[in-house]
Amino acid sequence: MIDQSTYGHKFVKEQFNVTSRIGSRIDPFGHSAVQAYLLGAELGFDSVSLGGLITKIELSEKEINVLKLSGGAPRVLIFAGAFPESYEPPPGGFYFEVNDDSSIVQDDIDLFDYNVEERVNDFVVAALSQTMGTDFKYQYAESWFWNMDKFIHYFNKDGRVNALYSTPSIYTDAKHAETESWPLKEEDYFPYASDIDAYWTGYFTSRAGLKGYVRMLSGFYLVGDTFFNYFATFVHCEIVSAWEAFGFLVMFY
């Protein structure tokens, strides 16, 4: 986590001159409370967006969409937002892959399937801050953006909501500007469940041999990583390539 986050932050800073401040954990199978400490105190994030959240407790509390996570010693808080439908679009038929059955936004009033008001009403009821997409979507991205552009145009023309292409940082800043207090979560979100009797726990014990190799190789990796960082304090040289090679070796194993 530390190496991959460091590499990602470095890339974003070099390419876009932006310092990352929002974390996004879209599809891990659960979340540990200690991540509040690692993502807040260690990485300097303001918030983290969570997917893959549902546990036995949350199956009866799916209305939760904002909370604070607490973890670590000393205690650290980080603002967290949980997507209402994991990372899916809102309910009501808002999948716009070319082979999906959802109704497109038809704004040609001369055609029989004109439906602007109907589609706008459906989306206003279903969505506030919402992801748009899911696994294996955007294979034909034009159909998605074509419909989302129309949604945004007709939402704002309707006037009930102000719609925009947003980001987690915009959402976080808007929430921080409010005076509300948020629920505090101090326990782990484990085990992950996709239904009342369907828990995703097999990966904790499966492939024991492979995981043993990963643990062993991680030891070699840490020795190498320590060596390269120690060496770099005495000799000004480019060690990124070797550091990346070690990191990706362990990742692929």
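Start at 1 with the first residue, then count along the sequence.
- By the rule that hydrophobic residues join a cluster once side-chain heavy atoms approach within less than 4.5 Å of another member, Trp146 and Tyr140 end up as members of separate clusters.
- Atom CZ of Arg215 is surrounded by 12 or fewer heavy atoms from other residues, nucleotides or ligands within 6.0 Å.
- Checked for salt-bridge contact, Arg21 and Asp173 meet the test: a charged N lies under 4.0 Å from a carboxylate O.
- In terms of hydrophobic clustering, with Ile, Leu, Val, Met, Phe, Trp and Tyr side chains grouped at heavy-atom distances under 4.5 Å, Phe11 and Phe45 are assigned to different clusters.
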Legend entry - Residues His9, Thr19; criterion side chain to side chain contact (heavy atoms under 4.5 Å, CB included); working and verdict: CA-CA 7 Å; His9 285 206; Thr19 300; over 6 Å; no
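- Within 6.0 Å of CG in Leu164 there are more than 12 heavy atoms belonging to other residues, nucleotides or ligands.
- Between His176 and Asp46, the shortest heavy-atom distance links the atoms NE2-O, 4.3 Å.
- Across every non-hydrogen atom of Phe96 and Ser102, the tightest pair is CE2-CB, 4.4 Å.
- The two residues Ile22 and Ser47 have their closest heavy-atom pair at CD1-OG, 3.2 Å.
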Legend entry - Candidate pair Glu178 and Lys175, rule side chain to side chain contact (heavy atoms under 4.5 Å, CB included), full reasoning: CA-CA 5 Å; Glu178 297 177 2; Lys175 286 297 182 181; 3.9 Å; yes
Inset, instruction - Would you check, one step at a time, whether the test side chain to side chain donor-acceptor pair (under 3.5 Å) holds for Asp149 with Tyr165? - result: CA-CA 9 Å; Asp149 286 346; Tyr165 285 112; 2.7 Å; yes
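- A distance-only check finds a donor-acceptor pair linking the side chain of Asn115 to the backbone of Ile104 [under 3.5 Å].
- Atom CG of Asp113 has more than 12 heavy atoms from other residues, nucleotides or ligands within 6.0 Å.
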Inset, instruction - Starting from the C-alpha separation in whole Å, work towards a yes-or-no answer on side chain to side chain contact (heavy atoms under 4.5 Å, CB included) for Tyr138 and Met132. - result: CA-CA 10 Å; Tyr138 290 85; Met132 288 295 293; 3.9 Å; yes
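- Considering every non-hydrogen atom in both Val105 and Val116, the closest pair reads CG1-CG2, 4.4 Å.
- Because its NZ or CZ atom is both nearer than 6.0 Å to the ring centre of Phe94 and within 45° of the ring axis, Arg119 counts as a cation-pi partner of that residue.
- In terms of heavy-atom proximity, Tyr154 sits nearest to Val120 at CB-CG2, 3.7 Å.
- A donor-acceptor pair under 3.5 Å is absent between the side-chain atoms of Gln139 and the main chain of Glu97, judged by distance alone.
- Between the side chain of Asn156 and the backbone N or O of Ala163, at least one donor-acceptor pair lies under 3.5 Å.
- Between the side chain of Asn121 and the main chain of Glu117, a donor-acceptor pair closer than 3.5 Å is present.
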